[in-house]
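To keep things clear, I will list the structure first and then write my remarks on it.
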2 protein chains.
Amino acid sequence: MVYRLWTYLYYPIFSLMLFHFRDRFPQLNAYWDKYLPFQKRMEVSAKTILLEEGERSQNYIFIEKGCVRVFFNNNGDDKTVQFFFENEGLASLDSFMNDIPSLFSIETIEPSVLYLLPKKHVLQLMDEISHEAAFSKMAMQMTAMRQMHYMNEFISSIRDTAEQRYQNLLQDRPHIIQRVPQHYIASYLGVSKVHLSRIKSKLAKGKLHF
Amino acid sequence: MVYRLWTYLYYPIFSLMLFHFRDRFPQLNAYWDKYLPFQKRMEVSAKTILLEEGERSQNYIFIEKGCVRVFFNNNGDDKTVQFFFENEGLASLDSFMNDIPSLFSIETIEPSVLYLLPKKHVLQLMDEISHEAAFSKMAMQMTAMRQMHYMNEFISSIRDTAEQRYQNLLQDRPHIIQRVPQHYIASYLGVSKVHLSRIKSKLAKGKLHF
DNA sequence: GAAAGTTGATAACATATGTTATCGTTAGCC
DNA sequence: GGCTAACGATAACATATGTTATCAACTTTC
């Protein structure tokens, strides 16, 4: 019960950290820097599991170089939920906050340079940052943006075909298509890898002009 | 620019009003009651358009009796995004907040009793309520819940078949299936009405035991 | 109470998408 | 440098889903 309330309170703060913390809110960089000494630097190869589905999330992960994906297992094949790149951070939020088994696994896609900040220090950081004057405005902005993002994904799922969703991705977030293996993108779009290959082939043909 | 910032600030407050305001947070009922005199009561028949796609949202709508749906037009046929029932309130948020043409239409499904609160008074109410001590905690809770909701819808869309999504609806929100015409539910699930009918027929057969 | 519209089931057919398998290319590993 | 796994394209077939049309039951309207 206490845990739950606490989750909701700190949710937006955590969101702040999760997405483009450094780029978007340079005013808060000092807080982040203060906790640099507590972070553990890691250089890992591609396909390194950072958190296994069912384990409890103990670290906040910041990506200096490389990219990772969040996924879960669904009757044998895995479904990718989200991709993260340089200067983004992540954790399996529900697991991290409520100390429950994670619903998701986290894995590197490319060889990556990561910083891990243990839970204990994340909590301290949250505590300090919430005293910052400009904080609440930013927290709400971040949260609203996340809500919009997921709402748009949902609306897209009932409005657009897989082909249209692929083209949206191509237009809005081309870096994902450039850097992520195709079968992960397929599961992110909710289609089989064979079908995504067909979509690409169809689009390529449409672009040929004789 | 000013509008945008303002949107983000008041987003969670608005969320508070939007969903189960009265039921979930009785502490805030006094604020609501204070603005009762400014609300316009309406009794309308089914299929009454309350807001047309492209218009600017001018009122916050509270449902005393009946239900409504939010939808948009997509190449001729419309796609339902969400349903609202008794003691819930709604508006086309982006339009209401930023005074831009609405992306969605709002329409009653059943004959309904509604209260409309003009924008001007909604803004005053928001202003007052944000001074309430318990407010920020609740605002964040509401916002986190909305975020979770849309995230779960998104994950369900890449994980589940239409049949499984129908069964989820049946289990988690059976009132929707009981009260909403089937073709609206079909578009909400992202399938054709014919296919939803097939799903129902298949499930009905599965339940027969000879 | 007749006419018109709404809702839902079903059939027939077309298209979209999944599944399995094969193959060539590339990348990592010892 | 050769072995192995990962990746992506493609084909063949099976299943899922969309489209159009028809019909019956029910509601609303006048």
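Proteins come first, then strands; the chains are lettered A, B, ... in the order of their sequence lines, and each starts at number 1.
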- [ ] Choose from D:dA9, C:dT7, C:dT19 the nucleotide whose nearest atom is closest to any side-chain atom of A:S197.
- [x]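 Comparing D:dA9, C:dT7, C:dT19 against the side chain of A:S197, the answer is D:dA9.
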Open item on the list: Please pick, from D:dG8, C:dA9, C:dT10, the nucleotide with the shortest atom-to-atom distance to any side-chain atom of B:V194.
Closed with: C:dT10
Task: Sugar-phosphate only, base, or nothing, as touched by A:V191 at under 4.0 Å among non-hydrogen atoms - done: sugar-phosphate
TODO: Find which nucleotide of DNA chain C each of A:I199 and B:P181 is nearest to by heavy atoms, and output the residue with the more 5' nucleotide.
DONE: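 Its nearest nucleotide lies further toward 5', so the answer is B:P181.
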Measure [atom1]/[X] against [atom2]/[N] and give the value in whole Å, please.
{"X": "B:E163", "N": "C:dG18", "atom1": "CD", "atom2": "P", "answer": "16 Å"}
{"X": "B:Y166", "N": "D:dA16", "atom1": "OH", "atom2": "P", "answer": "18 Å"}
{"X": "A:H195", "N": "D:dA9", "atom1": "NE2", "atom2": "P", "answer": "14 Å"}
{"X": "B:K47", "N": "D:dT27", "atom1": "NZ", "atom2": "C1'", "answer": "12 Å"}
{"X": "B:K193", "N": "D:dA21", "atom1": "NZ", "atom2": "P", "answer": "12 Å"}

TODO: Identify the two heavy atoms, one from A:V81 and one from B:I158, that lie closest to each other, and give their separation to 0.1 Å.
DONE: CA-CD1, 4.5 Å
Task: Lys/Arg N to Asp/Glu carboxylate O, B:D78 vs B:R69, below 4.0 Å - done: yes
Open item on the list: Can a side-chain donor-acceptor contact be found between A:N168 and A:D172 if the only test is distance below 3.5 angstrom?
Closed with: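 No, no side-chain donor-acceptor pair sits under 3.5 Å.
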TODO: Taking only the side-chain nitrogens and oxygens of A:H183, find out if one of them lies under 4.0 Å from OP1 or OP2 of D:dA6.
DONE: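 No, no such contact exists.
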Open item on the list: Taking only side-chain N and O atoms of A:Q182, does any of them lie within less than 4.0 angstrom of OP1 or OP2 on D:dA6?
Closed with: no
Task: Earlier contact from the 5' end, DNA chain D, for A:K200 and B:D77 - done: A:K200
Open item on the list: Any side-chain to backbone donor/acceptor pair from A:S157 onto A:F154? Under 3.5 Å, distance only.
Closed with: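 Yes, the answer is positive, given that a donor and an acceptor are paired below the 3.5 Å cut-off.
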Open item on the list: Regarding D:dG18, can its base be found pairing with the side chain of B:R198 as donor and acceptor, where the two atoms are less than 3.5 Å apart?
Closed with: yes
